[in-house]
Amino acid sequence: MMNNKQLADTFTLIADLLEIKGEIIYKTIAYRKAAESLAGLSREASEYWKEKKLQEIPGVGKAIAEKIDELLSTGKLEFLEKLKKEVHPDLATWMKVPSLGPKKIAMISKELKITSLADLEKAAKAGKLRNLPGMGAKSETAILEGLASLSRRTGRISIGKALPLANEIIAALKKVKGVTDAQPAGSLRRMRSTVGDLDILVAAKDSSAVMDAFTTLPRVSRVLGKGETKSSVEFSDGVRAQVWVHPPEKFGTALQYATGSKDHNVQLRQLALDKGLSLSEHSFLNVKTKKEIFCATEDEVYKTLGLAWIPPELREGRDEIALAKANKLPKLIEAKDIKSNLHMHSTYSDGALSMLDMTQAAIKRGLQVIAFTDHSVSLGVTNGLSIERHKQQAAEIKKLQKQFGDEITILHASEVEIKADGSLDYPDDFLASLDLVVASLHSSLRQPREKITERLLNAVNNPHVDIIGHPTGREIPDREGADLDMETILKAAAKSGVAMEISASPYRLDLDDHHARRAAELGVLLSINTDAHSEQDYDMLPYGVAIARRAGLTKDNVINTWPPKKLLDWLKKRG
DNA sequence: GCCGTTTTCGGCCCGACTGTTTTCAGTCG
């Protein structure tokens with residue numbers, strides 16, 4: 001049975017091949033839209049399919065619903081097999097080469113009768129591209145550089161790497177004379193778990209000094225383009241960034257536009273047209289009077305449309321504009337609402353710092369409750385704790401608690417392994433003696449869907465388990481999560497009352513925002529934790545909060561916002 | 001191919017930048 005990602009990949013492939021074939025662009029766009037929509041679904045498409053409700057998926061109409069049906073029932077698609085005979089499927093990989101688009105791909109492949117990337121590189125190196133129609137020496141070099149950058153780049157980068165780098169660039173650009181503001185934009189500002197390029201928006205009257213500063217930043221290895229309003233560069237590690245400069249009086253429309261998402265902007269422009277206004281990155285234009293309205297801030301942009309300002313994390317073109325219209329936007333959770341960290345490690349297992357150091361660092365950050373969830377015995381590589389060593393840890397926590405008194409509550413807990421056979425790593429009576437239990441998967445993540453789902457359900461239904469840690473086990477950007485039936489798991493969690501974790505580690509961010517959104521819909525409690533192994537890891541909290549914000553969560557959904565007494569009562573009641 | 005308080009046809013974002021042109025095509029976001 002194909003999952004959402006596989007379906008999305010299939011439709012993306014179809015879109016690429018159709019575009020190279022020269023099919024009308026809107027058909028291609030329709031396939032891409034459906035692919036994006038499938039990839040971002042909070043439930044499996046196969047469930048919509050079973051309920052015969054495929055066309056309820058945004059961007060899926062009759063034709064694509066029929067194709068999903070064929071893919072899910074047979075695992076194949078006649079339409080795609082036929083298409084592959086018309087356009088060689090290897091050409092889809094060419095679409096990833098910067099500077100190559102569908103037109104050039106079709107032309108080069110036809111003229112030179114080649115389909116593989118390797119042959120393309122050979123042809124470029126042999127100087128065979130420069131004489132093709134519409135090409136020249138520079139296009140040939142651009143393709144060679146594109147191929148080189150493709151092999152250097154690992155694709156999308158984690159928000160945990162992207163945001164600090166963007167902040168560095170922003171700090172440098174803010175020092176340029178005449179710059180009044182600089183902000184991240186694009187998926188970076190919307191806090192997606194991974195981002196492609198870094199988009200940065202600068203407010204300044206004169207752009208030339210900004211562009212000069214940007215294109216000569218340290219570690220810039222190539223300048224991909226440099227213009228009056230926009231420049232882009234590639235850094236030595238393959239990461240790309242681009243900067244737009246707009247005058248301060250137009251910064252609001254420009255920032256709104258550059259933040260996206262595309263879907264959000266399309267809807268917003270439509271709403272503007274309904275009011276007789278045409279919205280662009282430069283201004284609103286009154287269609288009748290031709291009068292221009294400038295917005296220096298985003299707040300003014302939304303206000304002009306009669307909307308409350310929409311937090312960037314919500315701007316994915318779902319229901320946020322309708323909610324803003326009805327003045328029903330959720331009051332999103334904020335990092336300052338978090339009072340506890342219920343998943344962290346010390347030197348008892350694989351943490352870098354002693355419990356004392358971790359406690360002091362937590363107090364410094366204003367945390368009121370922390371739980372030491374060192375690994376359990378079977379996770380040997382992490383120095384997992386035997387029950388004997390737990391006794392020692394319990395005694396030390398008691399001592400620490402005495403030392404810090406009212407300053408902080410320290411819980412004796414465990415991150416207990418959900419073993420390959422589905423059993424937990426400690427017997428129930430021992431789990432019952434702990435203040436808090438996080439149950440997580442670290443091993444045998446590639447088990448078949450049914451087996452690994454069953455395994456997680458065992459933990460969800462164990463009355464001593466309080467939190468399911470990083471539920472899918474995904475690692476960004478390289479490791480996909482386990483193939484879980486998340487809908488079944490979330491429904492079970494709603495029933496058992498266990499909290500599902502949103503791991504704030506930027507290399508996990510697990511649950512993701514789609515699953516977190518679905519969890520909240522089903523009434524499941526959530527818990528945002530850093531899984532800290534060092535002092536700096538505490539500061540990853542905002543990434544977890546960002547996931548929760550993208551999921552539309554308020555602080556009510558998240559147990560870490562609860563006052564200590566409420567949290568401790570809840571834990572006691574769970575046993 | 002999708003979609004719908006301009007609905008079952010006819011739209012679907014479009015501007016900046018680059019390179020190859022000589023007024024424009026292709027790519028990108």
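Residue numbering restarts at 1 for every chain, and letters A, B, ... go by the order of the sequence lines.
Against DNA chain B, the stretch residues 115-137 of chain A makes heavy-atom approaches under 4.0 Å through A:Gly134, A:Met135, A:Gly136, A:Ala137.
Not one side-chain nitrogen or oxygen of A:Tyr26 sits closer than 4.0 Å to the OP1 or OP2 atom of B:dG1. Considering only side-chain N and O atoms, A:Thr229 lies under 4.0 angstrom from the phosphate OP1 or OP2 of B:dC17. Side-chain nitrogen and oxygen atoms of A:Lys262 include none within less than 4.0 Å of the OP1 or OP2 phosphate oxygen of B:dC14. Neither OP1 nor OP2 of B:dG1 sits under 4.0 Å from any side-chain N or O of A:Thr28. For A:His282, a side-chain nitrogen or oxygen approaches OP1 or OP2 of B:dA16 to under 4.0 Å.
Side-chain atoms of A:Glu298 and A:Thr259, non-hydrogen and from C-beta on, do get closer than 4.5 Å to each other. Residues A:Arg219 and A:Glu168 have side chains in contact (heavy-atom distance under 4.5 Å, counting atoms from C-beta outward). Side-chain contact between A:Ile20 and A:Met95 is present, with at least one heavy-atom pair separated by less than 4.5 Å.
A:Lys33 comes within 4.0 angstrom of nothing in the nucleic acid, heavy atoms only. Residue contacts for A:Ile25: at a heavy-atom cut-off of 4.0 Å it reaches no nucleic acid atom on any strand shown.
A 6.0 Å sphere centred on CD of A:Glu480 holds no more than 12 heavy atoms belonging to other residues, nucleotides or ligands. More than 12 heavy atoms of other residues, nucleotides or ligands sit less than 6.0 Å from atom NZ of A:Lys67.
Going from the C1' atom of B:dT8 to that of B:dC3 covers 10 Å, rounded to whole Å. Comparing B:dC17 with B:dC12, their P atoms are spaced 25 Å from each other, to the whole Å. Of the C1' atoms belonging to B:dC13 and B:dT27, the separation is 15 Å, rounded to the nearest Å. Distance check on atom P: B:dT22 versus B:dG26 gives 14 Å, rounded to whole Å. For the P atoms, the distance linking B:dG10 with B:dG15 amounts to 25 Å, nearest Å. B:dC28 and B:dT23 have their P atoms separated by 25 Å, given to the nearest Å. Remark: the separation of the P atoms in B:dA25 and B:dT20 is 16 Å, to the nearest Å.
Nucleotide B:dC3: paired with B:dG10 (Watson-Crick or G-U wobble, both distances less than 3.5 Å).
Between the P atom of B:dG15 and the CD atom of A:Glu228 lies a distance of 16 Å, rounded to the nearest Å. Separating the CD atom of A:Glu140 from the P atom of B:dG19 is a distance of 14 Å, rounded to the nearest angstrom. A straight line from CD1 of A:Ile105 to C1' of B:dT27 spans 11 Å, rounded to a whole angstrom. Atom CG in A:Leu100 sits roughly 15 Å away from atom C1' in B:dA25 (whole-Å rounding). Atom CG of A:Leu271 is separated from atom P of B:dC13 by 16 Å (rounded to the nearest Å). One interatomic measurement links the two molecules: CZ of A:Arg156 to P of B:dG29, which rounds to 11 Å at whole-angstrom precision.
When each of B:dT27, B:dG1, B:dG15 is scored by its nearest atom to the side-chain atoms of A:Pro102, the top-ranked nucleotide is B:dT27. Listed nucleotides B:dC17, B:dC13, B:dG1 differ in distance to A:Arg269; the shortest reach to its side chain belongs to B:dC13. Among the nucleotides B:dG29, B:dT27, B:dG19, the one closest to any side-chain atom of A:Lys138 is B:dG19. Of all nucleotides listed (B:dC13, B:dT20, B:dT27), B:dT20 comes nearest to the side chain of A:Ser139.
Applying the salt bridge (charged side-chain N to carboxylate O under 4.0 Å, His left out) test between A:Arg550 and each of A:Glu316, A:Glu313, A:Glu320 identifies A:Glu316 as the sole match.
Looking only at atom types and distance, the side chain of A:Arg156 has a donor-acceptor partner in the side chain of A:Thr194 under 3.5 Å away. For the residue pair A:Asp263/A:Gln267, the side-chain donor-acceptor check at 3.5 Å is not satisfied.
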* **Chi angles and distances behind the side-chain hydrogen bond (donor to acceptor under 3.5 Å, both in side chains) call for A:Arg518, A:Ser42** => CA-CA 6 Å; A:Arg518 182 65 182 153; A:Ser42 55; 5.2 Å; no
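Each of A:Val266 and A:Met95 was matched to the nucleotide of DNA chain B holding its nearest heavy atom; the match closer to the 5' end belongs to A:Val266. Projected onto DNA chain B by closest heavy-atom contact, A:Lys103 and A:Gly225 fall at different nucleotides, the more 5' of which corresponds to A:Gly225.
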